[in-house]
Amino acid sequence: MNVKPDNFFHIEMDLFQDRRIFPFQLYIFNPSTMEYTLFLHGNQPLIKDKWQLLNFVIERGGGIAVRKDQQKTFLSSLKLKEDDVPSLSHTKHISPEIEALLKEQKLAKEKLKNTVQGKSKFLLNEELPKSILQDNFSNLIIAARNEIAAFPCSFSPTVSLARYLALNLLEEDNFYNRVVALSYHLAIGMGIVDHASLGSLICASFLYHLGNTQVDFGVLKKPSAELFDDDRKKFRQHPGLTQHLLKKINLDIDVRCYQIMLDHHERTDGSGFPNFKRHGQIDPLALVLGAVSHIFEYHYGLVTGKKTPLQAIFINLQNKTSIQGLETEFGGHIHQSLVHLLKMELLKSNAPDQAKVA
Ligand SMILES: [Fe+2]
């Protein structure tokens, strides 16, 4: 224990960016005792559990600190200047735009705290089956928006963009907002909770079909399960076209986000495209986006040309039933999560005849 605040400076987690090993020590500050406790030794990895614990500490009003005698090491290893760290900044100047963003984020955090504690779990277990049965995803979309609004403003360009898109677009119940919200909630249900991963997934789920703007509309109008030869070849170019367009405009999003978009049609049995990847070659977040996108495409009739009730799709996914155009090879983790989280018994009991027959 150390109780001398003059020996420390406080930092925000977003300063770590993508780094998880540091040559300096991290301390936790306990505001109720005003004490600093060593949390992580230098050159030890900040593993997922510890990262989550730090988030928990901050949510409870605690702080993260570094010893002042390690200030130089801290700044040089993270390629920061003193002015990048509010507690070290000499100018203490924050632009009005950043100040407004910080205020907005703080309000979003408070709003979130004032609603239901542990809301993500609650939503997945309680709200998702209701959304499916009622074919209404408004609650999930707004819940995702509220949670993403509380993401840090300056963690990374990808997280900032995710936050911006969510705040400005996640309102009405439509195809793309469903894809974003369900991908987000499903990832959290699978234990993927860090801002970096979720930021990549959110941006990818907003942007992944940008390449469709370059595909012949006549091809896009046809059910995807009925595409052959040239049409199928053209359709299968859309993930690469999305990547091409975004790189052309130099959109500042991370590599993982690009990969998720490119791989959203890859399937674990190698039946996907564009690179026929298998199992461990595919990022789990690409499988999440791929599964969610496929579910809603199937529902809206984009796969077979015929609209299908959502509960019928989920039941067939659970059973891995072979029906026309329905893809089920999204990996065991996603399959188990869907089965576990969506209360299949509830869906079954309310399933229309069509689902029972399929
Ligand atoms: Fe697609």
Side-chain angles (χ1 to χ4, degrees), residues 137 162 165 169-170 174-187 200-249 251 253 255-278 281-308 310 313-314 316-317 323-331 334-335 338:
F137 281 70
L165 293 172
L169 298 174
L170 280 185
N174 59 36
F175 176 90
Y176 282 104
N177 282 347
R178 286 183 175 202
V179 171
V180 174
L182 185 52
S183 297
Y184 169 79
H185 289 297
L186 184 58
S200 303
L201 176 63
I202 293 161
C203 286
S205 53
F206 272 118
L207 301 169
Y208 73 112
H209 270 170
L210 193 64
N212 281 352
T213 60
Q214 308 303 304
V215 177
D216 186 347
F217 188 61
V219 171
L220 292 178
K221 272 201 307 189
K222 293 179 186 170
S224 60
E226 293 171 13
L227 293 175
F228 299 99
D229 305 325
D230 266 8
D231 284 350
R232 188 158 79 163
K233 198 174 163 188
K234 283 178 188 165
F235 174 73
R236 290 187 166 198
Q237 286 172 343
H238 76 267
L241 286 167
T242 297
Q243 196 169 49
H244 172 73
L245 287 176
L246 293 173
K247 285 192 170 169
K248 207 169 175 183
I249 60 168
L251 189 68
I253 46 177
V255 174
R256 191 176 188 190
C257 184
Y258 276 112
Q259 202 61 53
I260 295 167
M261 289 188 279
L262 185 66
D263 288 354
H264 76 272
H265 278 284
E266 300 289 358
R267 302 292 180 254
T268 54
D269 62 349
S271 63
F273 62 89
N275 294 308
F276 315 107
K277 290 184 176 180
R278 288 176 164 271
Q281 296 173 311
I282 313 168
D283 188 318
L285 293 180
L287 292 167
V288 167
L289 176 59
V292 173
S293 179
H294 183 64
I295 286 166
F296 287 117
E297 282 171 2
Y298 205 98
H299 169 59
Y300 284 110
L302 302 176
V303 177
T304 62
K306 187 179 69 178
K307 204 171 170 185
T308 305
L310 278 166
I313 298 171
F314 279 100
N316 286 312
L317 275 177
I323 59 171
Q324 188 205 1
L326 186 69
E327 296 169 10
T328 59
E329 300 306 324
F330 302 105
I334 289 175
H335 185 251
L338 283 171

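Counting starts at 1 for both ligands and their atoms, in listed order. The first residue in the sequence is number 1, and the count goes up from there.
Protein N/O/S atoms closer than 2.8 Å to the Fe ion (ligand 1), listed by chain and residue number, are His209 NE2, His238 NE2, His264 NE2, His265 NE2.
Smallest separation of non-hydrogen atoms from Thr308 and His299: O-ND1, 2.7 Å. Counting all heavy atoms, side chain and backbone alike, Thr242 lies closest to Gly211 at OG1-N, 2.7 Å.
Considering only heavy atoms from C-beta on, Phe137 stays 4.5 Å or farther from Asn177 through its side chain.
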Original post:
Would Tyr176 and Leu169 count as a side chain to side chain contact (heavy atoms under 4.5 Å, CB included) if you check the C-alpha gap in whole Å, the side-chain angles of each, and the deciding distance to 0.1 Å?
Top reply: CA-CA 9 Å; Tyr176 282 104; Leu169 298 174; over 6 Å; no
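A donor-acceptor pair is defined here as one N or O able to donate and one able to accept, closer than 3.5 Å; such a pair exists between the side chain of His335 and the backbone of Leu317.
For the side chain to side chain contact (heavy atoms under 4.5 Å, CB included) test, residues two or more places apart in sequence or in another chain that qualify with Leu220 are Asn212, Val215, Phe235.
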